[in-house]
Every structure is written in C-alpha cells, then in structure tokens.
2 protein chains.
Amino acid sequence: MDDMEILEQARARIIETKSNNMSLYGVTPSIGRLYCLLFFSDKPLTLDEMKEELGMSKASMSLAVRTLLELNMVEKAWRKGVRKDLYVVNDDPYQRFFDYFSTKWRLAATTNTKATEKTITELQELITNPDTSDEVLEQAKLDMEKLENWREYYDWLNRLIDSMETKEILDFIPIRRENQTDKDKPGI
Amino acid sequence: MDDMEILEQARARIIETKSNNMSLYGVTPSIGRLYCLLFFSDKPLTLDEMKEELGMSKASMSLAVRTLLELNMVEKAWRKGVRKDLYVVNDDPYQRFFDYFSTKWRLAATTNTKATEKTITELQELITNPDTSDEVLEQAKLDMEKLENWREYYDWLNRLIDSMETKEILDFIPIRRENQTDKDKPGI
DNA sequence: AACTTTGTTTAATACATATTAAACGTATTA
DNA sequence: TAATACGTTTAATATGTATTAAACAAAGTT
C-alpha cells in the first residue's frame, strides 16, 4: 500500500465516524460526509465540485450546504474571478458546538418556556376559581407543581446556553491547549 | 367551556410543544407524546393503558418505552399484585438532560476520540517515514493539525460531560429555586 | 401439564424524509 | 438584448424508518 492510499484510508476512517456521529446535530450521514469533504479540503469548494466528489445531484448539494450554513458549520467564501459560490468549513469545533445550542436548544427552551408559562397562568386561574370542581382542582395543583419544576429547568438551560454564547463556560471548563508554546504559558 | 376542558386544553398545549421539541433528544413526536402521557399521569401505566390512551399498538408501546428507558426518561415501577410491567417518568429534567449527554454524547466523543487518535498515529508514521512523497507529506501535516485541534475539543467535551455526570456544572450554573422555603435559605 | 396472560420479535405495510431530474429565476457575459 | 452559467424550487421517485399484525417466547395460573 503506497503512502497516498494510507492517507486516503486514514481520512476514510474519520469520515465514517464523524458523518455518523453528526446525527447528534440532527443531520443525516450524507450531510455529514459533505461536512467532512469540506473539512479535509485545502481549498473552498463549489457545488459542482462537491457534486462530483460525492456523486450526488447539485440540488442535494444545494440543500445540504444550506443545512450546514444554518448550523454555522460552513461559511461562504469568496475568490477573485470565481463566479460560483464557494464554501469552507467553519473549523472551530467549540464554536460549532456553541452555535448548535444557541440555535436549536435555545429555540426549544424558548418555545417550551412560553407554553409552560401560559399554561401555568391558566392553571392558576383554574385554582383560584371557586367554581372549579374538587377533582379538577387537585389535578391542576399537581400539574402546577410539575410545570413550575420545568420552568425552573428552562431558566437553568437558558443560563447554560448564555454561558456558551458568551464563552464564559470556558472559565469553568477550560480548554487544555496541547502544543502550548512558551509565550502562551503563564509566567513564573 | 367547563373546568375539565380547560385542564385538558392546557395539557394539550404542553404535550404539543414538548413532543415536538423532544426531537433534540433524537426521539420521534409519538415517543414524545408517550413521555408526556406518563408525565401527566398520576400513576404508573401499563403497556395496555398506554396503547389504549394513544390509540397505538402494543408493539409500538413496547418499542417506545424501551427507547425512553434507554434515555433514562422513564423507569419501571412495581406494585403489589400487578403482574403487568408498570412505567413512570423520571421526573427530573436536569437528570434527563445530564443522562442524555452521558449516554449519547459520551458515546460520540469516545468513538471520535478513538478514530482520531488512531489516525493521528498513522499520520505520524507517514510523516516520519522518509519514503513518503512530498505531496502526501504536506497533506498529512495539514490533516494532523486539524485532527489535533479536534482531539483537544473532544477532551474538552469529555470534561463537560464529566461535569454533568458529577453535577459539578451546577456549581457554575446554579439552579435558581423558585418556591424556596425558609429552611432551604442560607442562614444569616 | 395445559391454559392464560404478558411482552417481544419478525415480517409486512404505511408513512415520512432524502434525493433527483427538470423547470424556473436571476445574474453575468457577449 | 440574446445567450449562457449558476443556484434554487418543484414535483416525482427512491430510500429509510415508524408502525402494525401475527407469530413467538416466557412466566403465571389453574
């Protein structure tokens, strides 16, 4: 096996693993493979190049790229004299992780909070209303307790997402730089 | 609209919102509805009761419950004299969140770390081998840099998941208790 | 042991989503 | 303005996953 084959095989392993695990970000393996293609590419790619490389249609590439753009996993690039749209990976895994939370999870937290608060208000009215039957009253009280527990959790979740957006989370879980050069090390 | 209808409608809103947002946990809306059914139920339910309530087959309920069990979102319950299996929700949203990370995300982090480290080793050999062609050598060096960046990130991700498993994350993002009773409050 | 009850697996079906070819709109070039 | 290049949308198809009925296995009851 020559050296080029070794390199290809090494990349193939990463692509295989990565494109499957990307289901955690809610994307399909084929979108994951596109991400990996861009990841290993040393230059921005066009839709035609992607289509060629992955053997898929241009329409698929267009949709896949849009998905990755929405997740902030790829970015548009620009090159003088090139009319076609070019794309490169956003090669910061931390940012990718944080962006995912500040879009998808934030949306869920917001939606849930709204529904929960509206419902809590309604239940409150039901509970204070003297016409409410005993059976419904008891159920409403139980539901209230559960929903307030959830509301508290969504508040916590929002603060967790805040800490990712502001990167304050890195104060708590610091990045351990590997090839730390001398000038980066704290002084004696 | 009588009080029972108001209660039902209130629950319906939560169920609607929640069962859709649960796609973040990688489960389908129908599994989400099952989770909500158990959430609002004031007693453990059997497969037959779930099937009845949601109008689905017993086989579906069996599969759905297993999925929720794997995610630690429901637990088996037991009642004297009841032969059928009983299930209740694990009603701790924080725990549910943490469990999700310590299973799904941990698995991804572990898998990716292994693939990445194995590949880094291979690339290292390729780089130190004097027979490697210049073209491959250059590519290998670029790949190395990217992969080491990722390895660092997986290390960070693992430590984040650690902090959820140990709940140390709550030292950084504390829970804001709402109906805090006097005895819970810190002394003067 | 024979008969029930309960939960799971299997194989078939229904449903949803990913993918594509073709039509379309828009910008660029000549 | 006509002609070309490019990306997106649309409508149809392919593929995969969710769901179910029926067969099966395991445990409980008589």
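Throughout, a chain's letter reflects where its sequence line sits, starting with A, and its residues are numbered from 1.
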Does OP1 or OP2 of D/dT19 have a side-chain N or O of B/Ser30 closer than 4.0 Å? yes
Q.
With a 4.5 Å cut-off on side-chain heavy atoms, are A/Phe40 and A/Ile14 touching?
A. yes
When rounded to whole Å, the CG to P distance for the pair B/Leu34 and D/dA18 reads 15 Å
Reading nucleotides 3-15 of chain D from 5' to 3' and marking B where a protein heavy atom lies under 4.0 Å of the base, S where only the sugar-phosphate is that close, and - otherwise, the string is --SSSSB------
Whole-Å distance, B/Met50 CE to D/dT19 P, equals 15 Å
*For the residue pair A/Phe101 and A/Phe97, categorise the inter-ring angle as parallel (less than 30°), tilted (30 to 60°) or perpendicular (more than 60°).*
tilted
Whole-Å distance, B/Leu68 CG to D/dA18 P, equals 13 Å
Contact under 4.0 Å: A/Ser60 side-chain N or O vs C/dT20 OP1/OP2:
yes
**Prompt:** Does any N or O in the side chain of B/Thr132 come within less than 3.5 Å of the main-chain N or O of B/Leu126, such that one atom is a donor and the other an acceptor?
**Reply:** yes
Rounded to whole Å, CG of A/Leu54 lies from C1' of C/dT20 at a distance of 15 Å
Separation of C/dG7 atom P from B/Met61 atom CE, nearest Å, is 13 Å
Note: A/Arg159 and B/Pro174 closest approach over all heavy atoms is NH1-O, 2.6 Å
Notebook entry, point to check: Within 45° of the ring axis of A/Phe39 and under 6.0 Å from its six-membered ring centre, is that where the NZ or CZ of B/Lys146 lies?
Noted result: yes
(message) Working note: A/Tyr25 + B/Trp105, criterion ring-ring contact (aromatic ring centres under 6.0 Å, His included); need CA distance, chi angles, decisive distance, verdict.
(response) CA-CA 10 Å; A/Tyr25 286 101; B/Trp105 283 79; 5.5 Å; yes
Taken to the nearest whole Å, NZ/B/Lys51 to C1'/C/dT5 is 13 Å
Taken to the nearest whole Å, CG/B/Leu45 to P/C/dG7 is 12 Å
